[in-house]
**Q** 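Structure in structure tokens, see below.
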Amino acid sequence: DTAVSQTPKYLVTQMGNDKSIKCEQNLGHDTMYWYKQDSKKFLKIMFSYNNKELIINETVPNRFSPKSPDKAHLNLHINSLELGDSAVYFCASSQDDYNEQFFGPGTRLTVL
Amino acid sequence: AQKITQTQPGMFVQEKEAVTLDCTYDTSDPSYGLFWYKQPSSGEMIFLIYQGSYDQQNATEGRYSLNFQKARKSANLVISASQLGDSAMYFCAMREVPSGNTPLVFGKGTRLSVIA
């Protein structure tokens with residue numbers, strides 16, 4: 001009964017490919033997020049969705065497109081992968097501003 | 001703009017000793033939340049403790065306590081009786097609460113190593 005799950009856990013792919021990472025939360029939360037953690041361990045917000053609506057889109061290339069089919073799912077699709085996209089991508093969810101965000105286990109993306 | 005500063009890239013502590021991990025923040029919003037997360041070598045992000053800007057008392061959760069000094073804009077994490085399993089990266093994060101859900105802004109982290 002994992003709270004926030006992501007698939008796959010590891011993703012190795014060639015430059016130029018298109019790939020997707022899936023995220024699901026079973027906590028009934030209204031808001032979901034995607035964060036990117038670079039090789040120096042720095043975590044930065046990419047997107048935030050509230051009830052399937054995009055509310056935050058940080059300066060992320062438009063090769064990254066989040067999709068939220070329902071409020072329990074927030075998937076991340078990446079087109080034309082580049083070497084610099086190699087990172088760990090974390091999905092998270094929260095109920096409101098006053099409580100913690102619950103993170104998924106992360107997806108380690110390696111672009112060769 | 002929000003900013004979180006963790007000035008200690010790495011820290012060492014002897015097992016069973018207490019350790020303080022520093023965090024200062026910068027915000028002009030009166031309503032915000034401060035969080036600490038632990039990231040062990042396995043990679044997951046584990047929530048440790050939360051402090052709201054209007055909370056009168058310092059937050060505590062088991063061996064974790066948050067030394068919240070609002071005027072100094074600091075939110076240091078204190079871990080008492082360190083254990084080998086506490087070795088990990090620790091991230092301080094802040095979230096402003098103007099309206100609606102806002103993302104966490106993270107510091108660069110402190111790598112804690114507990115020595116036997």
Side-chain angles (χ1 to χ4, degrees), chain A residues 2-6 8-10 23 25 27 29-60 66 68 71 74 87-109, chain B residues 1-6 8-10 21 23 27 29-55 59 61 64 66 75 77 88-112:
Chain A
T2 307
V4 183
S5 59
Q6 291 178 232
K9 189 165 173 61
Y10 300 96
C23 178
Q25 54 97 2
L27 298 165
H29 289 167
D30 289 333
T31 306
M32 296 184 73
Y33 311 82
W34 277 108
Y35 290 87
K36 178 180 179 180
Q37 186 174 41
D38 62 23
S39 57
K40 296 183 179 178
K41 299 289 188 181
F42 185 57
L43 270 152
K44 190 172 178 189
I45 183 70
M46 297 174 69
F47 299 102
S48 171
Y49 267 72
N50 183 267
N51 272 319
K52 303 193 298 175
E53 280 191 38
L54 177 68
I55 55 174
I56 290 171
N57 180 352
E58 293 294 313
T59 51
V60 175
S68 182
K71 76 172 193 177
L74 181 62
V88 179
Y89 292 84
F90 285 98
C91 177
S93 73
S94 68
Q95 183 53 38
D96 55 40
D97 293 323
Y98 302 97
N99 293 300
E100 70 271 25
Q101 292 184 10
F102 291 82
F103 282 76
T107 296
R108 181 175 293 278
L109 171 65
Chain B
Q2 298 181 29
K3 186 177 176 184
I4 297 285
T5 303
Q6 293 180 254
Q8 308 149 314
L21 306 183
C23 174
T27 180
D29 201 294
S31 182
Y32 52 89
L34 296 157
F35 303 79
W36 278 92
Y37 283 83
K38 172 184 178 181
Q39 187 177 39
S41 58
S42 51
E44 70 269 32
M45 293 289 288
I46 302 168
F47 166 74
L48 296 178
I49 197 166
Y50 165 81
Q51 180 87 42
S53 58
Y54 295 118
D55 293 344
E61 289 285 349
Y64 304 108
L66 204 152
L77 177 71
M89 284 288 289
Y90 289 82
F91 292 95
C92 179
M94 179 174 68
R95 183 190 216 179
E96 290 178 342
V97 190
S99 63
N101 277 294
T102 51
L104 292 170
V105 175
F106 285 87
K108 293 186 176 181
T110 295
R111 183 174 296 282
L112 177 67

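Worth saying up front: this structure is predicted, and the values here are computed from it rather than measured. So you know, we letter chains A, B, ... as the sequences are listed, proteins then strands, and number each from 1.
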**Q** CD/A:Gln101 to CZ/B:Phe47 distance, rounded to the nearest 0.5 angstrom?
**A** 10.5 Å

**Q** B:Phe106 and A:Phe103: which non-hydrogen atoms are nearest, and at how many Å?
**A**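 Distance-wise, the nearest heavy atoms are CZ-CZ, 3.6 Å.
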
**Q** Could you pull out all residues at least two apart from A:Ser68 that satisfy side chain to side chain contact (heavy atoms under 4.5 Å, CB included)?
**A**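 A:Ser68: side chain to side chain contact (heavy atoms under 4.5 Å, CB included) contacts with A:Tyr49, A:Lys52, A:Leu74.
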
**Q** Please check if the side chain of A:Tyr33 supplies one atom and the backbone of B:Leu104 the other of a donor-acceptor pair under 3.5 Å.
**A** no

**Q** Can you name the residues that form a side chain to side chain contact (heavy atoms under 4.5 Å, CB included) with A:Lys41, not counting sequence neighbours?
**A** A:Gln37, B:Gln39, B:Met89, B:Phe91, B:Arg111

**Q** Which atoms of B:Tyr37 are under 4.5 Å from chain A, going by heavy atoms: the side chain, the backbone, both sets, or neither?
**A**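 Only the side chain of B:Tyr37 comes within 4.5 Å of chain A.
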
**Q** For A:Phe47, is it the side chain, the backbone, both or neither that has a heavy atom under 4.5 Å from a heavy atom of chain B?
**A** neither

